[in-house]
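Remember, it's a predicted structure, so these values are computed and weren't measured experimentally. Read the numbers this way: they start at 1 and go in the same order the structure lists the ligands and their atoms.
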Amino acid sequence: MSDITKQSLSELVKNIKDKKLSSEEVTKAFINRSEKSKELNAYITEDYSSALEKAKKFDQKPNLQLKLPGIPMAVKDLFCTDSIRTTAGSKILNNFVPTYESTVTQNIWNEGAILLGKLNCDEFAMGSSNETSFFGNVQNPIDKNLVPGGSSGGSASAVAGQLTPITIGTDTGGSIRQPASFTGTVGLKPTYGSCSRYGIVAFASSLDQAGPMAQNVKDCALLQEVISTYDPKDSTSIDFKRNEYSKELSKNIKGKKIGIPKEYRVDGMPKEIEELWQKGIQYAKDCGAEILDISLPHTSYALPTYYIVAPAEASSNLARYDGVKYGFRAKGGENLTEMYEKTRSEGFGAEVQRRIMIGTYVLSSGYYDAYYLKAQKVRKLIKNDFDEAYKKVDAILTPSTPSSAFKIGEKKDDPVSMYLNDIFTVPVNLAGLPGISIPAGHDAKGYPLGLQIIGKAFDEQNILNIAYAMEEKINFKNKITDWWIK
Ligand code: GLN
């Protein structure tokens, strides 16, 4: 069967179940393409030979009842994988080999999938372009000069470039949805507490959430069904009734009320984004949804709130990297304090150091009330805005990002303009809600643009359904030319 790597996850699952393809054939195809795709720099660690072994083993005794039977898959290098190096894109974890598996990846292997390797990401998931990675930037399969977005940049590039049929990323402030939008792929940030954080290298624990990144909505629903489980090993995991999202997927969204928040019409928003949003509204109407204007009055405070809460939590979470128990340790240093200092200044990159300093400052006595406590209060107001809106509507439609993918290097030295990328995504994390980005059109340069559908907490099925219905109307075609394959 030709063009295996062009098939969607759902097609591959069907072909393996129907015995038209073996796991070995599928795994080989993705390994071959990944090997020809080194220029994208999507992988940090490859695990091809054991992937092939596992595929052969699967074929000897195939369990075709599983949801991901013999499906090869690469994952963001923020998920701890037992006995396989996990770096979080950082020098400080360059040699870290976990002795345990994250719950999310374990769920995936339990359903028959096979690890291809670990994908590049911004250092500790801090960034919007994958340029903070110790392992170098990642190229966007859409165009050589473009960033793939971040922090799940390697994941987005690998899915868009068909190096993996599907993947998982993490989203603390937009890191699944923004790269999905930049690469013409689908990305779901689930409700906080639906996917376990156990074994994910922590960035900001009250915001971090794992989620699927895929070629289409149906594939996204299938992976969400696999990774969303209650886990007592994560104290913030929530025990609620989870749907079989892919089985219950429906395009019937007639009568659904979709809100359009006026505060998302921000100053300086490019005309193309406004036009895309209007088109999205029309698509939703064509699907039978009812459109209502809503207000989320505290939206403009979301970004400053996020950039206090996230660095505060990061500064605390990253205190453990001190060169003592694991990870990189700098040479020299006269005493323990000097060893800590050298290790942390040599082991962390500039952006991570900036966040640690901001976070330490906003938590310090004297500034705690003025910054951190204040940010917590504003976070609650942002959450209240959504609660109010959801008395009137079932979901909210916004653009995913304020622009299409930008050039490698363009924003690297301007952190504030980099942070502005998250303007439409961070409110969703602060409120703990699910949000999905779907590709919805192209800008004048031909680069993809995404729309975001935000749901009520635990209402993943509803936003997946809306996305599924709109996807059919939008009929988006990603322009991938394989320019990187010689
Ligand atoms: N771009 C945001 C940041 O740099 C979001 C990152 C994320 O979601 N992990 O913090």
Side-chain angles (χ1 to χ4, degrees), residues 75-79 88-90 104 119-133 137-138 147-156 167-182 187-190 192 195 197 200-213 302-315 317-318 348-359 362 375 379 400-403 405-406 410-437 450 452:
V75 304
K76 183 177 185 177
D77 202 16
L78 207 67
F79 293 88
S90 181
V104 160
L119 297 170
N120 209 334
C121 58
D122 277 301
E123 185 177 6
F124 285 100
M126 298 175 194
S128 301
S129 62
N130 217 114
E131 291 168 293
T132 72
S133 169
N137 60 273
V138 172
V147 301
S151 63
S152 313
S155 297
T167 188
I168 38 169
T170 61
D171 191 314
T172 304
S175 280
I176 287 176
R177 292 158 290 159
Q178 185 255 17
S181 175
F182 278 14
L188 170 69
K189 197 283 290 182
Y192 183 78
C195 299
R197 289 184 298 105
I200 300 175
V201 176
F203 165 9
S205 305
S206 78
L207 300 158
D208 298 344
Q209 195 45 213
M213 301 174 78
L303 209 53
T305 302
Y306 172 85
Y307 276 98
I308 289 174
V309 174
E313 293 184 18
S315 73
N317 272 328
L318 271 58
F348 290 133
E351 182 60 26
V352 172
Q353 293 192 22
R354 180 176 7 252
R355 307 265 182 133
I356 292 174
M357 284 190 279
I358 295 171
V362 300
R379 181 174 184 178
S400 302
T401 53
S403 73
F406 46 89
E410 194 181 318
K411 295 183 197 248
K412 207 173 167 210
D413 301 320
D414 183 357
V416 174
S417 114
M418 193 68 97
Y419 297 170
L420 278 168
N421 266 283
D422 307 324
I423 192 159
F424 299 142
T425 47
V426 289
V428 181
N429 301 74
L430 289 169
L433 302 173
I436 187 167
S437 177
Q452 172 178 234

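- Heavy-atom proximity to Tyr306, at under 4.0 Å, picks out these atoms of ligand 1: 2 (C), 3 (C), 5 (C), 6 (C), 10 (O).
- Residue contacts with ligand 1 for Thr172 involve both N, CA, C or O and side-chain atoms from C-beta outward (heavy atoms, distance under 4.0 Å).
- Every atom of ligand 1 is numbered from 1 in the order shown, and the set under 4.0 Å from a heavy atom of Asp422 is 1 (N), 2 (C), 3 (C).
- Close approach to Asp171 involves these atoms of ligand 1, each under 4.0 Å from a residue heavy atom: 8 (O).
- Look at Ala310 and you'll find every heavy atom at least 4.0 Å from all atoms of ligand 1.
- Residue-ligand proximity: Gln178 is placed with every non-hydrogen atom at 4.0 Å or more from ligand 1.
- Checked against side-chain contact (heavy atoms from CB on, under 4.5 Å), Thr425 has the following partners two or more places apart in sequence or in another chain: Arg177, Asp422, Gln452.
- The Ala125 neighbourhood of ligand 1 comprises atoms 6 (C), 7 (C), 9 (N), with distances under 4.0 Å to a heavy atom of that residue.
- Counting atoms of ligand 1 from 1 in the listed order, those under 4.0 Å from a heavy atom of Ser151 are 9 (N).
- Contact between Thr167 and Leu119 at its shortest, heavy atoms only, is OG1-CD1, 3.5 Å.
- Residue Gly127 has at least one nitrogen or oxygen atom sitting less than 3.5 Å from a nitrogen or oxygen atom of ligand 1, judged on distance alone.
- Heavy atoms of Phe124 found under 4.0 angstrom from ligand 1: none, in either backbone or side chain.
- With a 4.0 Å heavy-atom cut-off, ligand 1 is reached by no atom of Lys76.
- Atoms of ligand 1 found under 4.0 Å from any heavy atom of Phe203 (numbered from 1 in listed order, with element): 9 (N), 10 (O).
- Under the rule for a ring-ring contact (aromatic ring centres under 6.0 Å, His included), the partners of Tyr307 that lie at least two apart in sequence or sit in another chain are Tyr419.
- Atoms of ligand 1 lying under 4.0 Å from any heavy atom of Met126, numbered from 1 in the order shown and given with element: 4 (O).
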